[in-house]
Amino acid sequence: MRVPVTLFSYARSRLVTASLLGAVIDMDGCRFGVVRKAWEMPFLAEPAGLAELRNAVRFRLGLWGLADIAPDAQLCASELAANVIKHVGPGTCARLAVSMNGGRLRIEVSDPDTRGVPVLATREDGEEHGRGLVLVDGLADRWGVVLRADSKATWCELVTGLRSSVDHMDGPRVARAEALLGLLGVSGRDKGVVRGPVTVAHAEESAIDVIADLLHWLRAHGCDPDGALDRAQAHFEAELTEVA
């Protein structure tokens, strides 16, 4: 029985042919690279400002294609900022910095007080000092403190599941779209590939699947799927007008 040929199965045949002809295509990892430029945000350490801080983290991680870990990142940023409010004082000029360290997301909150180093509370001392760091310690893969000449920075790093700082969140649809998009860089050396018959119905379903895959790919790379759909529709309609 002949197996129906879909766009993805055809793509796989092209990948095999391209590799045999010397074109190197890595089936693992991101071919395009997600640019995640480190960013900083100055803020006044006030309880009323913690919500704005959390919103900024969520917005930035959405742009980075890391929305899945945003809740944990928001909690860590909020707790580190709350630590400044409690132990340095309300109204302290502080700074939030978010960056990638390999496949980990690094969150850092700095303040001008270099006299004390944040520590975890222990059951033996029974003090409230450092209680906020207990949550950070539970969520983060690791954390620490950097003392500088004029400030200290308390940081933590969260595991993202990425293989590098330019990788993207994985998934079957994202991987399929990545493979199809990777074919755009392969020259027309596969003219000898024999394709079986594809009915209009099969092609339509495959095309719909590919569109859905591309929307997942856009989201994984920090893009706006709805905006992309609107632009694609506008391009499509403009081309129809030109043809008419």
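Side-chain atoms are counted along with the backbone in the values below, which use heavy atoms only and exclude waters and symmetry mates.
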A.B. asks: State which residue, out of Leu162, Asp167, Val166, fulfils the side chain to side chain contact (heavy atoms under 4.5 Å, CB included) condition with Met100.
C.D. replies: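 Of the listed residues Leu162, Asp167, Val166, the side chain to side chain contact (heavy atoms under 4.5 Å, CB included) partner of Met100 is Leu162.
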A.B. asks: Under 4.5 Å between any side-chain heavy atoms of Ile69 and Val159, yes or no?
C.D. replies: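 In short, these two side chains do not touch, never coming nearer than 4.5 Å.
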A.B. asks: Would you give the length of the straight line joining atom CG of Leu61 to atom CG of Asp72, rounded to the nearest 0.5 angstrom?
C.D. replies: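 Answer rounded to 0.5 Å: 10.5 Å.
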A.B. asks: Mind listing the closest non-hydrogen atom pair of Ala73 and Leu105 along with its distance?
C.D. replies: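 Smallest interatomic distance, heavy atoms only, reads CB-CD2, 3.9 Å.
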A.B. asks: Can you measure from CD (Gln74) to CG (Leu53) and round to the nearest 0.5 angstrom?
C.D. replies: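 It is 9.5 Å, given to the nearest 0.5 Å.
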A.B. asks: Minimum heavy-atom separation for Pro47 to Ile85, with atom names?
C.D. replies: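 Heavy-atom minimum between the residues: N-CD1, 3.5 Å.
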A.B. asks: Looking only at non-hydrogen atoms, find the nearest pair between Cys76 and Leu158 and report the distance.
C.D. replies: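 Taking every non-hydrogen atom into account, SG-CD2, 4.0 Å.
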A.B. asks: When you measure from the side chain of Ser165 to the backbone N and O of Asn101, does any donor-acceptor pair fall under 3.5 Å?
C.D. replies: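 Side chain of Ser165 to backbone of Asn101: no pair is present.
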A.B. asks: What is the minimum heavy-atom distance between Ser99 and Trp64, and which atoms define it?
C.D. replies: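 In terms of heavy atoms, the two residues are closest at CA-CH2, 4.1 Å.
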A.B. asks: Which heavy atom of Val109 sits nearest to which heavy atom of Ala77, and what is that distance?
C.D. replies: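 Where Val109 meets Ala77 most closely, the heavy atoms are CG2-O, 4.3 Å.
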A.B. asks: How many angstroms lie between CZ in Phe59 and CG in Asn55, if you round to the nearest 0.5 Å?
C.D. replies: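 It comes to 11.0 Å.
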A.B. asks: Considering non-hydrogen atoms only, spot the tightest contact between Trp143 and Thr154 and give its length.
C.D. replies: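 So the two residues come closest at CE3-CG2, 4.4 Å.
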A.B. asks: Among pairs that include at least one residue of residues 102-117, which meet salt bridge (charged side-chain N to carboxylate O under 4.0 Å, His left out), considering only residues two or more places apart or in two chains?
C.D. replies: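 For residues 102-117, and leaving out neighbouring residues, the salt bridge (charged side-chain N to carboxylate O under 4.0 Å, His left out) pairs sorted by first residue read Arg104-Asp141, Arg106-Glu108, Arg106-Glu157, Glu108-Arg148, Asp111-Lys152, Asp113-Arg115.
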A.B. asks: Hydrophobic clusters here meaning ILVMFWY residues chained together by side-chain heavy-atom distances under 4.5 Å, can you tell me if Leu44 and Val88 are in one?
C.D. replies: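 No.
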A.B. asks: Below 3.5 Å, can you tabulate the donor-acceptor pairs from side chains in residues 222-232 to any protein atom, sequence neighbours excluded?
C.D. replies:
{"residue": "Asp224", "atom": "OD1", "partner": "Asp226", "partner atom": "N", "Å": "3.3"}
{"residue": "Asp224", "atom": "OD2", "partner": "Gly227", "partner atom": "N", "Å": "3.2"}

A.B. asks: Under the salt bridge (charged side-chain N to carboxylate O under 4.0 Å, His left out) rule, what pairs show up with a residue in residues 34-55, not counting sequence neighbours?
C.D. replies: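 Those involving residues 34-55 are Glu40-Arg95.
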A.B. asks: If we ignore hydrogens and angles and just use 3.5 Å, is the side chain of His87 paired with the main-chain N or O of Asn83 as donor and acceptor?
C.D. replies: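 No: the side chain of His87 does not pair with the backbone of Asn83.
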A.B. asks: Rounded to the nearest 0.5 Å, how far apart are NZ of Lys86 and CD of Glu79?
C.D. replies: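 Interatomic distance, Lys86 NZ to Glu79 CD, rounded to 0.5 Å: 10.0 Å.
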A.B. asks: Cluster question for you: counting only ILVMFWY and a side-chain heavy-atom cut-off of under 4.5 Å, with indirect links fine, are Trp155 and Leu135 together?
C.D. replies: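 No; tracing contacts between hydrophobic side chains, which count when under 4.5 Å, never links both residues.
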A.B. asks: State plainly whether one hydrophobic cluster holds both Leu139 and Leu50, where clusters connect Ile, Leu, Val, Met, Phe, Trp and Tyr through side-chain heavy atoms under 4.5 angstrom apart.
C.D. replies: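 Different clusters: Leu139 never reaches Leu50 through Ile, Leu, Val, Met, Phe, Trp or Tyr contacts under 4.5 Å.
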A.B. asks: Same hydrophobic cluster for Val146 and Leu133, using side-chain heavy-atom links shorter than 4.5 Å among ILVMFWY?
C.D. replies: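 The answer is no; the residues belong to distinct hydrophobic clusters.
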